[in-house]
A.B. asks: 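Input: one structure, supplied below.
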Amino acid sequence: MSPSAPQRGQRPHAHRTHGVFAISVAADMVRMEVQNLRVYERRGLLTPDRTSGGTRLYSQADIEVLHRIRDLLADGLNIAGIARVLELEAEVERLRARLAEADGNAAPGR
DNA sequence: ATTCTGACA
DNA sequence: TGTCAGGA
């Protein structure tokens, strides 16, 4: 076919971490104020991609993180607490993958 | 209209 | 933590 297939076609989740949504679109998707999305980035809760011009581009993964932030805020956690939760979740995911690796299979059934 | 940074309540 | 000011 065309000799110019997507450069990152090797990684299955590449598109999930590839920034595509403008901040206004992302804010609409998660029902949050545009200004707050910028605040959450400033506080280190997430780091959306940027265009060469500096405009933020949120990926599907970022959208999911924003949903998590929204829920955790509703639970009464502050920004610092949420930052910790996100860090821990990332580590749990890392360990889960490692465990599945050592197991040869993930079967989270029990 | 849309987004960005910095300041401040 | 969230909102406003001011500019590109």
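Quick note on labels: first sequence line is chain A, next is B, and so on, each numbered from 1. Model, not experiment: these values are computed from the prediction.
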A.B. asks: With sequence neighbours excluded, tell me which residues meet side chain to side chain donor-acceptor pair (under 3.5 Å) with A:E33.
C.D. replies: none
A.B. asks: Name all residues meeting the side chain to side chain contact (heavy atoms under 4.5 Å, CB included) criterion together with A:V20; count only those two or more places apart in sequence or in a different chain, and write none if there are none.
C.D. replies: A:H18
A.B. asks: Crowded around A:R84 CZ? As in, over 12 foreign heavy atoms under 6.0 Å?
C.D. replies: no
A.B. asks: Taking DNA chain C as the partner, which of residues 20-30 of chain A come within under 4.0 angstrom of it by heavy atom?
C.D. replies: none
A.B. asks: For residues 56-65 of chain A, tabulate all N or O donor-acceptor pairs below 3.5 Å that involve a side-chain atom, not counting sequence neighbours.
C.D. replies:
residue: A:R56; atom: NE; partner: A:E41; partner atom: OE1; Å: 2.3
residue: A:R56; atom: NH2; partner: A:E41; partner atom: OE1; Å: 3.3
residue: A:S59; atom: OG; partner: A:R16; partner atom: O; Å: 3.1
residue: A:S59; atom: OG; partner: A:A61; partner atom: N; Å: 3.4
residue: A:S59; atom: OG; partner: A:D62; partner atom: N; Å: 3.1
residue: A:S59; atom: OG; partner: A:D62; partner atom: OD2; Å: 3.1
residue: A:D62; atom: OD2; partner: A:S59; partner atom: N; Å: 2.9
residue: A:E64; atom: OE1; partner: A:R16; partner atom: NH2; Å: 3.0
residue: A:E64; atom: OE2; partner: A:R16; partner atom: NH2; Å: 2.1

A.B. asks: Can you confirm whether A:H67 sits close enough to A:M29 that some side-chain heavy atom of one is under 4.5 Å from a side-chain heavy atom of the other?
C.D. replies: no
A.B. asks: Contact list please: residues 55-70 of chain A against DNA chain B, heavy atoms, distance less than 4.0 Å, in numerical order.
C.D. replies: A:T55, A:R56
A.B. asks: Hey, where on DNA chain B does chain A first and last touch, going 5' to 3'? Cut-off is any atom under 4.0 Å from a heavy atom.
C.D. replies: B:dT3 to B:dA7
A.B. asks: So, using side chain to side chain contact (heavy atoms under 4.5 Å, CB included) as the criterion, who are the partners of A:A80 when residues are at least two apart?
C.D. replies: A:N78
A.B. asks: Which stems does DNA chain C form, counting runs of 3 or more consecutive Watson-Crick or G-U wobble pairs with both distances under 3.5 Å?
C.D. replies: B:4-9 with C:1-6
A.B. asks: Measure all distances between protein nitrogen or oxygen atoms and nitrogen or oxygen atoms of nucleotides 2-8 of chain C, and list the pairs falling under 3.5 Å.
C.D. replies:
residue: C:dC4; atom: N4; partner: A:Q35; partner atom: NE2; Å: 3.4

A.B. asks: Test of understanding: with side chain to side chain contact (heavy atoms under 4.5 Å, CB included), list the residues that count as partners of A:A27, not counting sequence neighbours.
C.D. replies: A:V34, A:L37
A.B. asks: To the nearest 0.5 Å, what is the distance between CG (A:D71) and CG (A:D75)?
C.D. replies: 7.0 Å
A.B. asks: Hey, are A:R96 and A:E93 close enough for a salt bridge, meaning a charged N less than 4.0 Å from a carboxylate O?
C.D. replies: yes
A.B. asks: Not counting sequence neighbours, which residues clear salt bridge (charged side-chain N to carboxylate O under 4.0 Å, His left out) with A:E91? List them please.
C.D. replies: none
A.B. asks: Looking at residues at least two apart in the chain, or sitting in another chain, which of them share a side chain to side chain contact (heavy atoms under 4.5 Å, CB included) with A:L45?
C.D. replies: A:Y40, A:R43, A:I69, A:I79, A:I82, A:A83, A:L86
A.B. asks: Find the distance between CD1 (A:I23) and CG (A:D28) and round it off to the nearest 0.5 Å.
C.D. replies: 12.5 Å
